[in-house]
Amino acid sequence: MAARLAPVTDQARTRPLLLLIDGHSMAYRAFFALPVENFSTRTGQPTNAVYGFTAMLANLLRDEAPTHVAVAFDAGRTTFRTEQYPAYKGTRDATPQEFQGQVPLIREILETMRITTLQREGFEADDIIATLSTQAQADGMDVLVCTGDRDALQLVGDDVTVLYPRKGVSDLVRFTPEAVQEKYGVPPASYPDLAALVGESSDNLPGVPGVGPKTAAKWILAHGGLDGVLAAAPTITGKAGESLRACADQVRVNRMLNAAVRDVELPVAVGDLAARPWDREAMHQVFDALEFRTLRERLFAMVPEEVGEAEGFQLDVVSPAAGALASWLEARHGRRLAVEVAGTSAPGRGDAWALAVADGADHAVVLELAELSPDDEGALARWLGDSAQPKSVHGAKDAMHALAGRGLPLAGVAVDTLLASYLCHPDQRSYDLADLSIRHLRRELRSEATADDGQGALDLSLDGTSPHHGTALRAAAVAELGDVLEEELADRGATQLLRDLELPLVDVLAGMERTGIAADRDYLDGLEREFAAAVADAAAEAYAVIGREVNLGSPKQLQEVLFDQLQMPKTKKIKTGWTTDAASLADLFERTQHPFLAHVLAHRDASRLRQTVEGLIRSIDDDGRIRTTFQQTIAATGRLSSTDPNLQNIPIRTEAGRQIRRAFVVGEGYDVLLTADYSQIEMRIMAHLSGDPGLIDAFRSGEDLHSYVGARVFGVATDEVTAAQRSKIKAMSYGLAYGLSSFGLSKQLNISVGEAAALMEDYFDRFGGVRTYLAGVVDEARRTGYTATILGRRRYLPDLTSDNRQRREMAERMALNAPIQGSAADLIKVAMLGVDRRLRDEGLRSRLLLQVHDELVLEVAPGERDAVEQLVRQEMGAAAPLSVPLDVSVGVGGSWHEAGH
DNA sequence: TGCCGTACGTA
DNA sequence: CGTACGTACGGCAT
């Protein structure tokens, strides 16, 4: 059966409805309605106007369900109005810079939503709206005009309603003819007459002094319109009459200027404005970039029946009769088939209940795993475990964990569409199969029968042919995506990276996750009590100092205490006031010596540690081991990340923090934990990539890197470099790999910007290759659009050519860092594959447990200590041929703490 | 309940 | 105004 889109539903409307929006005016309203501090991207791009406008648009689409939509913008500075009356809109403040930049973003969004935007040199948006509105009425349509410009009220009629923002952009007043009459006392057609008399300060059109809407309406009604009023001016008595006579010319000008032009020549007809299906892929990209997560969800959730173009999958789904699976698979022997598993994938605790196999040629089988006959189960297990039978999977690691719950293997994954998408677009936040399907296949994964939420509920498709139809659909999508993405991978030079690095790594990571690391629960319980006591002590002392109890974990309450009650000097400004972060509190303590600060800091430390310990205790599985999940598609640089729990951020810097590492211990049946880490891998990669002779020499000499560099920068002998000098150099060296500015360096080192700049200058004098390299990286990335690591892993940085300085400079820093951080990630991944392979090849029981970016943790079986140390050193050291040695330091011990060095 | 902002742990 | 992450909490909107 085919999965079909639901038809576009129309809310029983008899006449088409045209929605016309004044883009500029509504965006401007949004800009002032939403605090810009709360709406900007990570890169500093302000987005309040974009957000407000889009949210408003979403509401209108939902509530009004227009059949036709257009957004009109003002074009250029000058219009026929400014030509006739130079002072027109003359009092308007220059639009803020932060607003200007947002209009193109709004246009981008509209484009992805396939909404027509219109502008015409010399005219205002209102004129375009008046023109279209007039045409639409003639075509028998209803019209909704959404604008913050009151002049549009003249358009209101039986078929035309104006939505005018009362407050913000979400609260819109509906102006029907009755509403206009009610509010202004004149019919819509007379509104411009009234406005001419009253004036419009936002347009810099003065009105008749002393004449407000009430008087104006009275006159207009009495004399049948503005012409009548002006004709009768000599007879109007009183102060107001006098003013009117004095201002008659201005009033005539006002009336001429506020008349909407209804016959602007436009490149489109009303019929062309029919709502079109969204370009969902492009929308995802724009919304990703703008970091509008919820708004995007709202939009997509709101109009699920949108997207007319995408077709469903034509899929013949069978649930083979008992014993028939083998022949189904045999008929497709050697062909690449897609596997999709319905189940849960917690490492070591996974389970699978259904599995679909699709052949990419409209055929799929769906298997209810609990109901498989022994024959079928055997056939399935053989095929799944046969590495010679190529498969495509979306997220092979999760599938492996789920299948493991049924004792089923998964081998021979030739394409993982999740990894492939990640390699092609590493900056994306999610690689949801449904989105990829739309994006690459132009097919909607959703079917009437889907909604398989993995909770085991049987999901009967409409024609009743197969349960878990959604799983089959997903398998079909994976089959096709596999082919499409292979080509995209090739285009992006990432074929090898997938085949030889990321895919083989899946098995290694799955193994590490399944194994987990043993934890000493009793020890952790003890730590928790210690830290909890420290928290309580610190809190009590803090309360005693200020004479009341506050929530020390609340930055807001802390601000009140520090800056209101204790009147301390203000720290750095943040969105919600002034920062209370540790660095600022420490700084305040230096200056004020106020004991409250010390207690707060102690409280923070202790509660953080307690919280970490509590999280770990919660994560201990029944067998006493903690299992993390390594995310392979999150970090845009190519690093892994670790979640649930994150074992890549276990404290190490402070003594109290290090105690936590004592809780990670060697498991039963094993001898010791072994840690192996690369020393200064990022600096070594910088040396290699830059080819700087001085830096390469530093590493080859075997001397302490920072002392060596310090000696050259300060012009002294290596052993004369002071500790202070060394730490400055260290900060700068690492900073360079992050795109550090002299300003940033000065702040970090507490020195003047001039000093910092001089320090950097001295550094670059001695290590000129570094400067050349760093400049070259950004240049090349700007040219090609991406950076590349040693293994060719790309990161695309379109913002390198942005007009927005903040965004551009952010992208530049990313470009500086991505090749370095990413190459380090490449190397340790290569090393992991090597270590894993050697352990297996040499028949060792020892195993990899953790990776922490530049460190591997292994569990060593009795008698294997020397062999493992040797092979780990070899594999890590030989991960790639660099022009500098890759030093590896190794430690062993009964716990992670003892094995550390 | 869910989201945002702040704070802070790691490399 | 230094990159890359994940987690917990408070506070607020819903």
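In this text the structure is predicted, and so the values were computed from the model without any measurement. Per chain, numbering begins at 1; letters A, B, ... match sequence-line order.
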> If you measure from the C1' atom in C:dG2 to the same atom in B:dC4, how many Å do you get, rounded?
24 Å
> Rounded to the nearest angstrom, tell me the gap between atom CG in A:L850 and atom P in B:dT10.
15 Å
> Taking atom C1' of C:dT3 as reference, at what distance in whole Å does atom CG of A:N817 sit?
4 Å
> For A:S742, which contact category applies under a 4.0 Å heavy-atom criterion: base, sugar-phosphate, or nothing?
nothing
> Hey, does A:T580 reach any base, or is it just sugar-phosphate, or nothing, if we go heavy atoms under 4.0 Å?
sugar-phosphate
> Can a side-chain donor-acceptor contact be found between A:T675 and A:R661 if the only test is distance below 3.5 angstrom?
no
> Just to be sure I understand the rule, does A:I650 reach a base, reach only the sugar-phosphate, or reach nothing, if contact means heavy atoms closer than 4.0 Å?
sugar-phosphate
> I want to verify a distance call: between B:dT10, C:dA4, C:dC1, whose nearest atom is closest to the A:S741 side chain?
C:dC1
> Remember a base hit wins even if backbone is also touched, and classify A:A582 as base, sugar-phosphate or nothing at under 4.0 Å, heavy atoms.
sugar-phosphate
> Can you see whether A:W578 has A:K572 sitting over its ring - NZ or CZ less than 6.0 Å from the centre and within 45° of the normal?
no
> Where the side chain of A:T576 is defined as all heavy atoms beyond and including C-beta, which of B:dG9, B:dA7, B:dT6 is the nearest nucleotide?
B:dT6
> I need the CG-C1' distance between A:N551 and C:dA8, as an integer number of Å.
13 Å
> Across the strands shown, which category fits A:I574 at heavy-atom distances under 4.0 angstrom: base, sugar-phosphate, nothing?
sugar-phosphate
> At 4.0 Å (heavy atoms only), tell me whether A:T612 reaches a base, stays on the sugar-phosphate, or touches nothing.
nothing
> Please pick, from C:dA4, B:dG9, C:dG10, the nucleotide with the shortest atom-to-atom distance to any side-chain atom of A:Q821.
C:dA4
> Find out whether A:M683 and A:V709 are in side-chain contact, i.e. whether some heavy atom of one side chain is under 4.5 Å from a heavy atom of the other.
no
> Rounded to the Å, how far apart are A:R808 CZ and C:dC1 C1'?
14 Å
> Does A:K747 have more than 12 heavy atoms from other residues, nucleotides or ligands lying within 6.0 Å of its NZ?
no
> Indicate, with a heavy-atom threshold strictly under 4.0 Å, whether A:G553 touches base, sugar-phosphate, or nothing.
sugar-phosphate
> Given C:dT3, B:dG9, C:dG10, which nucleotide is nearest the side-chain atoms of A:Q557?
C:dG10
> Quick one: the side chain of A:R608 and the base of B:dC8, do they pair up donor-acceptor inside 3.5 Å?
yes
> Measure distances between side-chain N and O atoms of A:N649 and base N and O atoms of B:dG9, and say whether any donor-acceptor pair falls under 3.5 Å.
yes
> CE of A:M814 versus P of C:dC5: gap in Å, rounded?
8 Å
> Out of B:dT10, B:dA7, B:dG5, which nucleotide sits closest to the side chain of A:K575?
B:dG5
> Of the options A:D427, A:T637, A:T789, which is the one that meets A:R795 in a side chain to side chain donor-acceptor pair (under 3.5 Å)?
A:D427
> We want to know whether A:Q102 and A:N48 form a side-chain donor-acceptor pair, criterion being a heavy-atom distance below 3.5 angstrom.
yes
> Taking only the side-chain heavy atoms of A:H853 (C-beta and beyond), determine which of B:dG5, C:dC1, B:dA11 contains the nearest atom.
B:dA11
> Side chain of A:D581, heavy atoms from C-beta onward: which of B:dC8, B:dG9, C:dG2 has the nearest atom to it?
B:dC8
> Pairs counted as Watson-Crick or G-U wobble with both distances under 3.5 Å: what dot-bracket string results for DNA chain C, using | for bases tied to another strand?
..|||||||||||.
> Closer than 3.5 angstrom, by distance alone: can the side chain of A:R808 be matched with the main-chain N or O of A:S802 as a donor-acceptor pair?
yes
> Given B:dT10, C:dA4, C:dG2, identify the nucleotide with an atom nearest to the side chain of A:Q748.
C:dG2
> Among A:R793, A:R639, A:Q821, which residue satisfies the side-chain contact (heavy atoms from CB on, under 4.5 Å) criterion with A:D826?
A:R793
> Using 4.0 Å as the upper bound for N to carboxylate O, is an ion pair formed by A:E528 and A:R521?
no
> How about CD on A:E590, more than 12 heavy atoms from neighbouring residues, nucleotides or ligands closer than 6.0 Å, or not?
no
> Side-chain N or O of A:R813 less than 4.0 angstrom from OP1 or OP2 on C:dT3?
yes
> Would you say A:R653 reaches B:dA11's phosphate, i.e. side-chain N/O to OP1/OP2 under 4.0 Å?
yes
> Return the polar atom pairs (N/O with N/O) between nucleotides 12-14 of chain C and the protein under 3.5 Å, or none.
unit_1: C:dC12; atom_1: OP1; unit_2: A:K556; atom_2: NZ; d: 3.3

> Under 4.0 Å between a side-chain N/O of A:S642 and OP1 or OP2 of C:dC5, yes or no?
no
> What is the distance, to the nearest angstrom, from the NZ atom on A:K728 to the C1' atom on C:dG2?
18 Å
> If you look at every strand shown and take non-hydrogen atoms under 4.0 Å, does A:I652 touch a base, only sugar-phosphate, or nothing?
sugar-phosphate
> Does CG belonging to A:D803 count more than 12 external heavy atoms closer than 6.0 Å?
no
> For A:R610 and C:dT7, give me the distance from atom CZ to atom C1', rounded to whole Å.
15 Å
> Distance criterion of 3.5 Å, no angle test: do you see the side chain of A:Q648 paired donor-to-acceptor with the base of B:dG9?
no
> Considering every strand and a 4.0 Å limit on heavy-atom distances, what is the contact class for A:A636: base, sugar-phosphate, or nothing?
sugar-phosphate
> Supply the atom-to-atom distance A:L848 CG to A:M832 CE, rounded to the nearest 0.5 angstrom.
6.0 Å
> Checking all strands, does A:I634 fall into the base, sugar-phosphate, or nothing category for heavy-atom contacts under 4.0 angstrom?
sugar-phosphate
> Return the value, rounded to whole Å, for the distance between atom CZ of A:R604 and atom P of C:dG10.
12 Å
